[in-house]
> 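Right, I'll just put the structure down here and ask away after.
These values consider heavy atoms only, across backbone and side chains, with no hydrogens, waters or symmetry-generated copies.
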Amino acid sequence: MFKWIKKKISQNINSEMGGCIIQNYNFIHMVQAKRFALHEDVDDNIFDNLLKILYSTEQIDKSKKPGDNFTPKENDILLEANKYCRNVWTNYFKQSAFSFDKEFPTNKLNVDKKETQVF
């Protein structure tokens, strides 16, 4: 029974972390589009931090095969990255914290990963 519970918890964590990866990609793509396609001013420090998040998210994403568990360190990295994205959304872009999950879904990548690259 304990193996079943442990497996269920791991599956839930893996699902959440996979969602963080997708959400990070979606948010960073939106910021890149604002800066490069729409020519909106985005603070350089924020943008640089988002590029670091993009890099670390890509590294974790590329290292995982279907069914692989995330390590505690990877969980921490992804959760901190997602927290930073949410803070930028609410504090810099002055958007509602409640709209973040609606705007940046965790179950659907809104853009091809190849399009979300470091410029």
Side-chain angles (χ1 to χ4, degrees):
M1 180 162 152
F2 290 114
K3 285 185 181 182
W4 177 84
I5 292 172
K6 184 177 178 181
K7 183 178 178 182
K8 189 71 171 166
I9 290 170
S10 290
Q11 288 173 339
N12 287 344
I13 291 171
N14 290 339
S15 176
E16 288 292 321
M17 294 306 103
C20 277
I21 288 172
I22 292 170
Q23 201 166 49
N24 291 349
Y25 281 140
N26 287 336
F27 180 75
I28 293 168
H29 175 71
M30 180 276 303
V31 175
Q32 288 177 325
K34 281 185 175 290
R35 187 169 198 179
F36 296 115
L38 302 175
H39 304 289
E40 291 182 20
D41 187 33
V42 177
D43 182 87
D44 289 336
N45 289 331
I46 289 173
F47 194 76
D48 289 344
N49 287 335
L50 290 173
L51 293 180
K52 290 174 187 173
I53 287 171
L54 176 61
Y55 178 77
S56 62
T57 300
E58 285 176 336
Q59 295 306 306
I60 293 170
D61 187 23
K62 289 177 184 177
S63 73
K64 296 296 168 199
K65 295 176 187 160
D68 282 355
N69 289 329
F70 289 85
T71 67
K73 183 176 181 179
E74 291 168 335
N75 293 343
D76 289 345
I77 291 168
L78 290 171
L79 289 172
E80 280 297 317
N82 193 263
K83 180 180 169 183
Y84 183 80
C85 292
R86 288 172 181 276
N87 285 334
V88 170
W89 177 249
T90 56
N91 297 325
Y92 184 76
F93 290 112
K94 305 294 185 209
Q95 300 295 317
S96 166
F98 299 111
S99 67
F100 188 83
D101 289 326
K102 185 177 179 181
E103 291 291 323
F104 308 103
T106 59
N107 61 347
K108 179 184 173 215
L109 193 58
N110 289 339
V111 63
D112 185 2
K113 289 180 199 173
K114 293 175 186 172
E115 292 178 25
T116 307
Q117 297 177 354
V118 177
F119 291 93

> Once side-chain contact (heavy atoms from CB on, under 4.5 Å) is applied, do any residues pair with Asn69, and if so which ones, sequence neighbours excluded?
Ser10, Asn14
> How long is the span from the CG atom in Asn24 to the CD atom in Glu58, to the nearest 0.5 Å?
11.0 Å
> So does Ser96 get a backbone contact from the side chain of Trp89, meaning a donor-acceptor N/O pair under 3.5 Å?
yes
> Please round to the nearest 0.5 Å and tell me the distance separating atom CG of Asn49 and atom CG of Asn87.
11.5 Å
> Atom CG of Leu78 and atom CD1 of Ile60: how far apart are they, to the nearest 0.5 Å?
4.0 Å
> Nearest 0.5 angstrom please: Gln32 CD to Leu54 CG, how far?
6.0 Å
> Considering only distance and modelled atom types, tabulate donor-acceptor pairs under 3.5 Å from the side chains of residues 100-107, sequence neighbours left out.
{"unit_1": "Asp101", "atom_1": "OD1", "unit_2": "Gln23", "atom_2": "NE2", "d": "2.8"}
{"unit_1": "Asp101", "atom_1": "OD1", "unit_2": "Arg86", "atom_2": "NH2", "d": "2.6"}

> Run the side-chain contact (heavy atoms from CB on, under 4.5 Å) test against Glu80 and tell me which residues pass, sequence neighbours left out.
Lys83
> Quick check: is Leu51 connected to Leu38 through a chain of hydrophobic side chains (ILVMFWY, heavy atoms under 4.5 Å apart)?
no
> Look up atom OG1 in Thr57 and atom CD1 in Ile77, then write down how far apart they are to the nearest 0.5 Å.
9.0 Å
> With sequence neighbours left out, write down each residue that passes side-chain contact (heavy atoms from CB on, under 4.5 Å) with Ile46, or none if nothing qualifies.
Asp43, Leu50, Tyr84, Val88, Tyr92
> Return the set of residues passing salt bridge (Lys or Arg N to Asp or Glu O under 4.0 Å) with Asp68 (not counting sequence neighbours), or none when no residue passes.
none
> Rounded to the nearest 0.5 Å, what's the gap from NE2 on His29 to OH on Tyr25? Could you check?
13.5 Å
> Once salt bridge (Lys or Arg N to Asp or Glu O under 4.0 Å) is applied, do any residues pair with Lys64, and if so which ones, sequence neighbours excluded?
Glu74
> Donor-acceptor pair, Asn26 side chain versus Lys108 backbone, under 3.5 Å?
yes
